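See below for the structure under consideration.
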Amino acid sequence: MTVAKRDTYTPETLLDVAVRVFNERGYDGTSMEHLSQAAGISKSSIYHHVSGKEELLRRAVSRALDALFAILEEPGASRGRAIERVEYVTRRTVEVLMAEVSHVTLLLRVRGNTKTERWAMERRREFDQRVADLLKAAAADGDLRADVDIRLATRLLFGMVNSLVEWYRPHPGGGHEGDQLAETVVRLAFDGLRTGPGGSPEAPTEAPPEVPEVPEG
């Protein structure tokens with residue numbers, strides 16, 4: 001019989017264990033027994049800190065969402081032309097993703113099977129819409145190419161940023177790694193979208209083709 005370790009966990013360190021297990025097994029596939037084994041403490045000790053695994057999920061995705069929404073309150077996201085603001089938000093989103101990669105990964109994988117998951121998905125859509133609105137404003141200002149469908153550009157931008165969770169792993173002593181990656185994402189995305197050299201400031205002779213709606217993931 002395995003004897004559980006004495007509970008030396010704090011709510012924060014227990015959350016780190018839960019996020020790791022949720023990402024490995026999936027939230028639906030994780031039981032309190034799995035969390036107990038991973039933490040090396042009894043289930044009763046976990047209940048001393050939280051009411052259950054859904055509270056751990058809410059704390060985890062709240063951490064990611066709070067960090068993302070905080071970007072929108074920063075001066076760089078609220079001042080200047082829309083194109084400058086959306087580039088700033090994109091850069092900072094990558095930086096937040098890198099700093100909170102486990103929590104953001106969990107946020108992107110929720111499927112709406114519980115009240116907390118549905119709340120997280122709604123908040124995530126709200127953030128995405130705020131970024132999409134900035135892209136639309138930049139297009140209206142004439143700072144984005146007229147021959148690129150803004151809906152397609154929005155989905156491609158989100159797809160590129162969100163895909164980082166599938167391969168990015170932080171390196172100890174990475175130095176300026178985060179700055180370099182964030183800047184690379186911004187340049188890859190917006191050097192092709194901005195009007196000016198390499199872009200197309202003139203409207204196309206034909207309207208761009210309609211882009212089919214993509215179901216929410």
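Just so you know, these numbers come straight off a predicted model, no measurement behind them.
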Original post:
Do any pairs count as a ring pair (Phe, Tyr, Trp, His ring centres under 6.0 Å) and have a residue in residues 57-84, sequence neighbours left out, and if so which ones?
Top reply: F69-F127
**OP:** Tell me, with the steps shown, if R85 and E74 meet salt bridge (Lys or Arg N to Asp or Glu O under 4.0 Å).
**Re:** CA-CA 10 Å; R85 293 158 60 195; E74 295 172 2; over 6 Å; no
Original post:
When rounded to the nearest 0.5 angstrom, what is the spacing between NZ in K43 and CD in Q37?
Top reply: 9.5 Å
Original post:
Between M121 and G112, what is the shortest heavy-atom contact and its length?
Top reply: SD-N, 3.3 Å
Original post:
Mind checking whether L56 and L35 have side chains closer than 4.5 Å, heavy atoms only?
Top reply: yes
Original post:
So, for A189 and M160, which heavy atoms are closest and what is the spacing to 0.1 Å?
Top reply: CB-CE, 3.6 Å
Original post:
Would you say the side chains of E117 and T114 form a donor-acceptor pair under 3.5 Å?
Top reply: yes
**OP:** From the options V61, T30, V110, select the one residue that forms a side chain to side chain contact (heavy atoms under 4.5 Å, CB included) with F22.
**Re:** T30
Original post:
If we ignore angles and hydrogens, is there a donor and acceptor under 3.5 Å between the side chains of S45 and H48?
Top reply: no
**OP:** Give the C-alpha distance, both sets of side-chain angles, the deciding distance and a yes or no for salt bridge (Lys or Arg N to Asp or Glu O under 4.0 Å) between R109 and E166.
**Re:** CA-CA 11 Å; R109 290 179 179 175; E166 301 301 330; 3.7 Å; yes
Original post:
Applying ring pair (Phe, Tyr, Trp, His ring centres under 6.0 Å), which residue pairs with at least one partner in residues 103-126 are found, sequence neighbours left out?
Top reply: none
Original post:
Got a salt bridge between R59 and E55, using NZ or NE/NH1/NH2 to carboxylate O under 4.0 Å?
Top reply: yes
Original post:
Got a second to check how far I71's CD1 is from D66's CG, nearest 0.5 Å?
Top reply: 11.5 Å
**OP:** With the side chain counted from C-beta on, respond yes when Y47 and M32 share a heavy-atom pair under 4.5 Å apart, and no when they do not.
**Re:** yes
Subject >> L107 CG to L65 CG distance, which is reported to the nearest 0.5 Å >> reply: 4.5 Å
Original post:
Nearest 0.5 Å, what's the CD1-CD1 distance between I46 and I41?
Top reply: 5.0 Å
Subject >> Euclidean distance, L108 CG relative to L164 CG, rounded to 0.5 Å >> reply: 10.0 Å
**OP:** Output all residues satisfying side chain to side chain donor-acceptor pair (under 3.5 Å) with D143, sequence neighbours left out; order by chain, then residue number.
**Re:** R81
Original post:
Are L57 and L106 side-chain neighbours, meaning at least one heavy-atom pair lies under 4.5 Å?
Top reply: yes
Original post:
In Å and rounded to the nearest 0.5 Å, what is the CD to CD distance from E95 to E183?
Top reply: 9.5 Å
